[in-house]
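Counting starts at 1 for both ligands and their atoms, in listed order. This one's a predicted model, so the numbers in the text were calculated from it and none came from an experiment.
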Amino acid sequence: MWVDLTGTWHLADGTPAIVPGVVHTDLLRAGRIPDPYLGDNESELHWIGRTEWRYIRTFTWEPNEHERHELVCEGLDTIATVELNGTIVGHAANQHRTHTFDVTSLLCPGANELAITFASALEYAERQEPRPHVNQHPYNAVRKMACNFGWDWGPDLVTAGIWKPIGIRSFTGARIASVRPLATAASVSFVVDLVPGPAPVTVTARLGSDVRTVEVPAGRSQVTVPVTVERPRLWWPRGYGDQHLYEAAVTLDGQEEWRGRVGLRTVELDTTGGAFIVRINGQDVFVRGANWIPDDAFPTRVDHERYAARIADATEAGINLLRVWGGGIYESEDFYRLCDEAGVLVWQDFLFACAAYDEELLWAEVDAEAREAVTRLSQHPSLVLWNGGNENLWGYEDWGWKEQLSDRSWGAGFYNDLLPGIVAELDPTRPYIPGSPYSTAGRPNDPSTGPIHIWDVWNEKDYLAYAEYTPRFVAEFGFQGPPAWSTLTAAGAIHQKAEDGNGKLERGWRGHFPDPADLTAWHWTTQLNQAHAITFAVERFRALAPHCRGVILWQLNDCWPVVSWAAVDGYGRRKPLWYALRRAYAERLVTVQPQGLVVVNDAASPWEAQLLVRYLGLDGKELGDRPVDVRLAARQTMTVPIEPDGAALIAVDGPGVRVRHFLDGGLPAPDWHGTLTPVPGGYVVDVEARTLLRDLSLHADRLDPEAVVDEQLVTLLPGERARFTIITRASLEAGQVLAYPVLTTANHLEVACDS
Ligand code: BMA
């Protein structure tokens, strides 16, 4: 029996509060603070993270037939003291786990008062002995979402609050504490942990139409119920087969206590000889991935709809894996369920990022939190890899921590002992790696073994330097760009959190584009350069298959409006990078590389086609051509030599193939003929090129912030046409839509912007 205690609470001063939530969203709703995402408000609101917050609610307790009553707090953020009717029932210091308190003797019939006081997590962290970390605050001294203290893309808004469900559970005798459905390709072992009772019980597991019951003697606290499926239907990642999910349930003495959806599949991680191969049901998967960060600085605002939109951003861009990065959270069930359904693989970091962690201080909390996470997430077929943390091994070896720490602990015990032990004990069906980057051979971030993180390119070099890498697997690489224009202007400020971020943007465009004359040109230059940089990197790494087995872009999403590495901005708008990624992550890719034309077939079926390669001048004149016969089995790559001597541009056309690859800069002044036609739900824009047009894009959000366009970055030869569809409720005028800066090209950056 469950008494729900979410809903309306209040703060000590009477301000209404909504649980689950955090204090910032409560203060915002009450009109007591301005929106932290706008203008410079963030910097005015640091006091919130240094303040004590007390959450209070009363509730009526009607005594029931049960013997035991527990207050279950699924998530307290973070340094909490819990009181019931004036008596302290316990303390908490870990955002990432459930806290359960026995309140049997404290509940009174009738009115009860529950109060939870949150001390400043920041000041708590500052009181601990310091250990090396990135960014401003010692986030590594407390078990709380690291990026909440500010990150190189995230605001410094230290939250407090009851951020997950809370309620009272009543029971008598035995109950089920947890269920771990551990799947293979033909069976599921339901490992059921029990709070034992004085009498024997029966536990029944159901998987689809197969049911199995076992008797459990009194006092036993664990039972395993194996269920084998006669003709199993497998769960596959997208692009490899269906995502069949079996309805599963576990009952105790006939009473359903657990329900979920389970997929049958095997997972292996093959690291032989420095490789890094994710293998599902015996099939090697080339990972076309993206890193995932919390989708809002206040994660309680991320509901099912928001997760669904973001995961659609991933699948529509051809992404087959999301890496849940260690500076964030274990995401909510919605996230993993949507990934199960969409066939998006999940690589889950344990929550450690870019820091040394004090093992003595945090051991018990990490143990409890990791056990809970591994247990909770074990039912999701999408989850295929547990990773000890982000850049901690690398930091220890190469960022000077070793010297600073001397013999003090830094987390090795977590990554090499505690966490792999927990995964092996609770969920041996999943592989584990101690960190990312990680090398099976020598130093972390050694490109001859995977996975590596490539950051020197963004931080120090031109994006062409991605070509210096011949990696086995890239788990992070990225290039910054600003959010959509409408997001930038709605935010009323250019938020840039990365050290010298704007300087790096500038260094990044030099050599590719002239210095922009105004903010509009800056915005387009930097967005376009981000898209070019990532296209260049992804195409190179995919062309290296099977030596390279995966790329994971840093990063899919943002948590507020900010200049960052994301493909989708903090208000959910797709940046030009997203459209570039969709092309670079297509199952079938044709790319011009130094070794020739590389044709990648990452589809499940063979590819036979004739392509026409044309060598062109910037005026669109043909200098030569050659047909290319593609004959590729599923998931194979071929390389064809090409001789583009003197050409400025290579065009490759064929069924489903349209490549426009520039070898030379120097674009003509853009000229086109365009029309705008209203259609149900919006407009179509038809453009016929009169000159070569590079990266023709339509920034319709400049006219209507809600407008969505189906395509961007289309390169047209003179005489070629493109069609864009705009979904909008606004009424648009041709004069605005068909002119710069709404309709724009790379050409505009090279010539006077007055066309
Ligand atoms: C890596 C990530 C993040 C960071 C990103 C960009 O270190 O793991 O910590 O945001 O680079 O700098």
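- Of the candidates V134, D152, I293, N390, D152 brings a heavy atom nearest to atom 12 (O) of ligand 1.
- At a heavy-atom distance under 4.0 Å, no atom of A498 approaches ligand 1.
- Y330 places none of its side-chain heavy atoms less than 4.5 Å from the side chain of E372.
- Proximity of W399 to V134: side-chain heavy atoms (C-beta onward) are separated by under 4.5 Å at one or more points.
- Remark: ligand 1 atoms within the under-4.0 Å shell around heavy atoms of E476 are 1 (C), 2 (C), 7 (O), 8 (O), 11 (O).
- Under the 4.0 angstrom criterion for non-hydrogen atoms, C354 is in contact with ligand 1.
- Of the heavy atoms in E391, only side-chain atoms (C-beta onward) come closer than 4.0 Å to ligand 1.
- For Y432 against N387, the heavy-atom pair with the smallest separation is CE1-C, 4.4 Å.
- Ring geometry, H512 versus Y463: the interplanar angle falls under 30°, so the pair is classed parallel (tilted spans 30 to 60°).
- Listed by number with element, the atoms of ligand 1 under 4.0 Å from a non-hydrogen atom of W151 are 3 (C), 4 (C), 9 (O), 10 (O).
- For a threshold of 3.5 Å applied to N or O pairs, the pair formed by W565 and ligand 1 contains no separation below that value.
- Using a 4.0 Å cut-off between heavy atoms, W325 contacts ligand 1 through its side chain alone, with no backbone atom that close.
- Residue contacts with ligand 1, taken as heavy atom pairs separated by less than 4.0 Å, do not involve Q555 at all.
- Using a 4.0 Å cut-off between a side-chain N of Lys or Arg and a carboxylate O of Asp or Glu, R376 and E333 qualify as a salt bridge.
- Using cut-offs of 30° and 60° on the angle between ring planes, the pair F335 and W292 is tilted.
- More than 12 heavy atoms of other residues, nucleotides or ligands sit less than 6.0 Å from atom CD of Q404.
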